Amino acid sequence: MASWEARVKPLERYVPMQNRFNRFSYKERYGLRLQRLTLDGGFTCPNRDGTPGLGGCTFCDNAAFHPAYTQGKSILAQIEAGIDFHRKRGRKTDGYLAYFQAYSNTYAPLSTLKNSYEEALSHPHIKGLVIGTRPDCVDAEKLAYLASLQAGGAIVEVEYGIESVFDKTLLRVHRGHDFACTCNAVRETAKLGLPVCGHVILGLPGETREMLLEEARILNSLPLDSLKFHQLQIIKGTPMEKEFAGKPEDFLRMGPDAYIDLLADILERLRPDIAIERIASSVPPAFTDSPWGLMKHDELLLRLERRLIERDTCQGQRME
Ligand code: SF4
């Protein structure tokens with residue numbers, strides 16, 4: 001029999017085999033091709049101002065994730081600049097979602113949140129909001145407001161930084177909340193019918209491969225609609241850079257091949273209805289010395305699909 005590589009089509013002719021894992025698609029969810037516009041709403045983070053802690057999570061440097069077009073502009077001006085950015089790259093879309101990504105985008109009084117979100121929704125090409133936040137930055141009033149926007153016809157999704165399901169890890173990375181807080185926020189949000197995405201980092205210090213497989217089992221118990229997995233990137237100048245330099249043996253360092261293998265193992269244990277939004281991230285080269293280089297997300301997706309085909313397995317195959 002031909003090797004699996006010979007049996008898989010090259011990237012340029014490749015048709016994604018979405019039955020191997022549940023790949024997130026706005027077209028499938030809403031019947032529209034939607035593009036997210038990353039915005040900076042000017043919010044801050046409680047883990048930096050002393051509320052639960054100072055200094056932030058040890059892996060975090062938000063500057064590594066800010067597109068240049070967001071800087072120093074109003075929400076509407078960022079949206080215009082973002083649309084221009086995507087149009088120039090020829091990206092076809094039926095509309096845009098305002099993605100409040102920087103810092104914790106529910107960490108402000110409700111009146112401030114309303115001003116920002118409603119400014120975004122006033123743009124004629126904006127179909128809805130994606131709100132990235134910490135699980136300790138929501139309450140019943142804020143969630144009810146988001147649900148009311150959804151009831152009014154806007155698409156509204158909430159994305160929580162879960163990062164790890166293990167309190168030991170959350171403490172070590174100075175996260176400032178525990179996993180019980182995450183569980184509560186995810187459940188309360190889902191109860192209102194708002195789609196919930198979780199953001200998880202693979203390879204945080206002290207976590208083993210076995211723990212990450214157990215993590216998949218624990219995530220299955222939450223009413224999550226989708227997940228974003230990211231490999232741990234050690235960003236220059238962060239406390240984690242120092243920690244890694246002092247104790248590299250505490251980190252599961254993986255090249256792309258080992259990472260794809262781990263993801264395949266995790267997906268096998270994950271509920272098949274949880275859609276996978278991302279499997280990795282990359283920050284500009286100036287922020288990290290990662291040996292991964294600038295690998296395109298589509299290339300990694302292709303490698304993952306090939307790996308699942310080679311193993312003749314799929315998402316949920318080994319779910320307990
Ligand atoms: S990762 Fe999020 S919660 Fe942690 S310091 Fe950065 S902005 Fe704050």
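All figures in this text were calculated on a predicted structure; none of them were measured in a lab.
- Under a 4.0 Å N-O distance rule, the pair Glu159/Arg36 qualifies as a salt bridge.
- Contact detail for Pro205 and Met240: the closest heavy-atom pair is CD-CE, 3.6 Å.
- Nearest heavy atoms, Thr208 versus Leu252: C-CD1, 3.9 Å.
- Of all heavy-atom pairs between Leu170 and Asp178, the closest is CD1-C, 3.7 Å.
- Put simply, the side chain of Met319 does not reach to within 4.5 Å of the side chain of Leu270, judged on heavy atoms.
- Side-chain contact between Leu262 and Leu212 is present, with at least one heavy-atom pair separated by less than 4.5 Å.
- Leu54 places none of its side-chain heavy atoms less than 4.5 Å from the side chain of Asp49.
- Going from atom CG of Leu149 over to atom CG of Leu194 covers 9.0 Å, rounded to the nearest 0.5 Å.
- A continuous path of Ile, Leu, Val, Met, Phe, Trp and Tyr side chains, each step under 4.5 Å between heavy atoms, connects Leu143 with Leu222, placing both in one hydrophobic cluster.
- In this structure a side-chain-to-backbone donor-acceptor pair under 3.5 Å is missing from Asn105 to Phe43.
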Checklist entry - Given Lys247 and Glu243, is the salt bridge (Lys or Arg N to Asp or Glu O under 4.0 Å) satisfied, shown in steps? => result CA-CA 6 Å; Lys247 235 178 164 194; Glu243 191 181 359; over 6 Å; no
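- Listed for the Asp94 side chain is a donor-acceptor partner under 3.5 Å among the backbone atoms of Arg33.
- Considering only heavy atoms from C-beta on, Leu202 comes within 4.5 Å of Leu263 through its side chain.
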Item to check | Verdict with supporting geometry, Gln233 and Ser281, side-chain hydrogen bond (donor to acceptor under 3.5 Å, both in side chains) | outcome: CA-CA 8 Å; Gln233 296 183 93; Ser281 68; 2.8 Å; yes
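- Partners of Glu214 by side-chain contact (heavy atoms from CB on, under 4.5 Å), not counting sequence neighbours, listed by chain and number: Phe166, Arg217, Ile218.
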Next on the checklist: Pair Arg29, Glu157 - check salt bridge (Lys or Arg N to Asp or Glu O under 4.0 Å), show working.
Outcome noted: CA-CA 12 Å; Arg29 186 177 275 189; Glu157 300 180 346; 2.9 Å; yes
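- Taking the six-membered ring for Trp and thresholds of 30 and 60 degrees, His123 and His125 have ring planes inclined between 30 and 60 degrees apart.
- A donor-acceptor pair is defined here as one N or O able to donate and one able to accept, closer than 3.5 Å; such a pair exists between the side chain of Asn22 and the backbone of Pro272.
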Checklist entry - Given Glu28 and Arg23, is the salt bridge (Lys or Arg N to Asp or Glu O under 4.0 Å) satisfied, shown in steps? => result CA-CA 10 Å; Glu28 272 182 30; Arg23 192 167 162 184; over 6 Å; no
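- Side-chain N or O atoms of Arg175 include none that pairs as donor or acceptor with a backbone N or O of Thr169 at under 3.5 Å.
- If you take CG on Leu232 and CZ on Arg253, they are separated by 6.0 Å, rounding to the nearest 0.5 Å.
- Side-chain contact check for Thr133 versus Tyr103: every heavy-atom pair is 4.5 Å or farther apart.
- Side-chain contact between Arg278 and His297 is present, with at least one heavy-atom pair separated by less than 4.5 Å.
- Not one N or O on the side chain of Glu268 forms a donor-acceptor pair closer than 3.5 Å with the backbone of Gln317.
- Considering every non-hydrogen atom in both Leu37 and His86, the closest pair reads CD2-CD2, 3.3 Å.
- Checked by atom type and distance alone, the side chain of Asp167 pairs as donor or acceptor with a backbone atom of Phe179 at under 3.5 Å.
- Annotation: side chain of Ile274 is in contact with side chain of Gln315 (closest heavy-atom distance under 4.5 Å).
- Rounding to the nearest 0.5 angstrom, the gap separating the CG atom in Asn184 from the CG atom in Asp136 is 11.0 Å.
- To the nearest 0.5 Å, atoms OH (Tyr145) and OG (Ser111) are separated by 10.5 Å.
- Heavy atoms of other residues, nucleotides or ligands lying less than 6.0 angstrom from NZ of Lys236 number more than 12.
- The environment of Lys88 atom NZ is sparse: at most 12 non-hydrogen atoms of other residues, nucleotides or ligands sit within 6.0 angstrom.
- Nearest heavy-atom pair across Pro195 and Gln150 is CD-NE2, 3.6 Å.
- Between the side chain of Arg271 and the main chain of Leu224, a donor-acceptor pair closer than 3.5 Å is present.
- In this structure, Leu39 is a member of the same hydrophobic cluster as Leu113, with clusters built from ILVMFWY side-chain heavy atoms closer than 4.5 Å.
- In this structure, Arg89 contributes its side chain and Phe85 its backbone to a donor-acceptor pair below 3.5 Å.
- Side-chain atoms of Thr112 do not come within 3.5 Å of backbone N or O of Ala108 as any donor-acceptor pair.
- With rounding to the nearest 0.5 angstrom, the CZ atom of Arg318 is 4.0 Å from the CZ atom of Arg269.
- Between Arg172 and Asp250 there is a salt bridge, with a side-chain nitrogen of the basic residue lying less than 4.0 Å from a carboxylate oxygen of the acidic one.
- Between atom CD of residue Glu241 and atom CD1 of residue Ile235 there is a gap of 9.5 Å, rounded to the nearest 0.5 Å.
- Between Glu215 and Val200 there is a side-chain heavy-atom pair separated by less than 4.5 Å.
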Checklist entry - Under the salt bridge (Lys or Arg N to Asp or Glu O under 4.0 Å) criterion, do Arg311 and Asp261 qualify, and how do the steps go? => result CA-CA 10 Å; Arg311 287 166 51 160; Asp261 258 335; 3.7 Å; yes
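- Of the options Glu163, Glu277, Lys228, a side chain to side chain donor-acceptor pair (under 3.5 Å) to His199 is made by Glu163 and by none of the others.
- Ser104 places no side-chain N or O within 3.5 Å of a backbone atom of Tyr107 that could act as its donor or acceptor partner.
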